[in-house]
Amino acid sequence: MKPRYINRTNLTLDMYSEGIISSYKTSHKMLRVISTAYAIIMLFIAFAGFLYFDWIICIPFLALGLAIIFWNIWGYKWGTKKSFMKFAKLHSSHYQVEMEYRFYEDRLEQETSKTELTVMYKDFDVVYIMENVMIIIFNKKVIVMDRNSFVDVNDTNVIEFLKDKSIKVVESKA
């Protein structure tokens, strides 16, 4: 059977990071807000300990509050870089991985020079449409593809196709 749509993506670290971080920010907004509020409360307690010269309270609360804020701002960037480098190394590259995605009537197939993956549409949790990338999340796994790399078709056709399959599609500019 011939695929309905084909996408040939040269996955780079920048594209991978944009996709993963954007999908995390979109899907975990409430968690990020709560953890940031918790960190601010911890910093307030640390400040109160500092005012009363109570270093036993000040230092741990200051360290934990700053660690939470640091992780919310920078932590996920480091994790995505490590994850991409591990994936690129599997494909004997440090800069990009050539991926081909084939959309059939009932499934999506992903193929690289060393790996193959087939995912049924019924297993998709959500599809995030970002400015430059499309992120498909299924079973706590992620597929990142370039929106501008579809062969002989516009990405809006593919988005409509996924919506017709009753897949939750979220368009985001995060």
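Just so it is clear, the values below take in all heavy atoms, side chains as well, and ignore hydrogens, waters and symmetry mates.
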Identify every side-chain donor-acceptor pair in residues 1-10 under 3.5 Å, counting partners at least two apart or on other chains, and give the distances.
unit_1 : atom_1 : unit_2 : atom_2 : d
R4     : NH1    : E105   : OE2    : 3.0
N7     : OD1    : T9     : N      : 3.4
N7     : OD1    : T9     : OG1    : 2.4
N7     : ND2    : D146   : O      : 2.8
R8     : NE     : E100   : OE1    : 2.9
T9     : OG1    : D146   : N      : 3.1

Quick check: do [X] and [Y] have side-chain heavy atoms less than 4.5 Å from each other?
X	Y	value
I68	M42	yes
I45	L62	no
V127	M134	yes
E160	V158	no

R147/E171 salt bridge by N-O under 4.0 Å criterion: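 Not counted as a salt bridge, because no side-chain N and carboxylate O are separated by less than 4.0 Å.
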Write out all pairs satisfying ring-ring contact (aromatic ring centres under 6.0 Å, His included) with one or both partners inside residues 35-54, taking only residues at least two apart or from two chains. F50-W55
Linking I/L/V/M/F/W/Y whenever any side-chain heavy atoms sit under 4.5 Å apart, do [X] and [Y] land together?
X	Y	result
L31	V142	yes
Y121	V170	yes
I159	I135	yes
V151	I143	no

Going by the side chain to side chain contact (heavy atoms under 4.5 Å, CB included) test, name the single residue among T112, V133, V144 that passes it with L11. V144
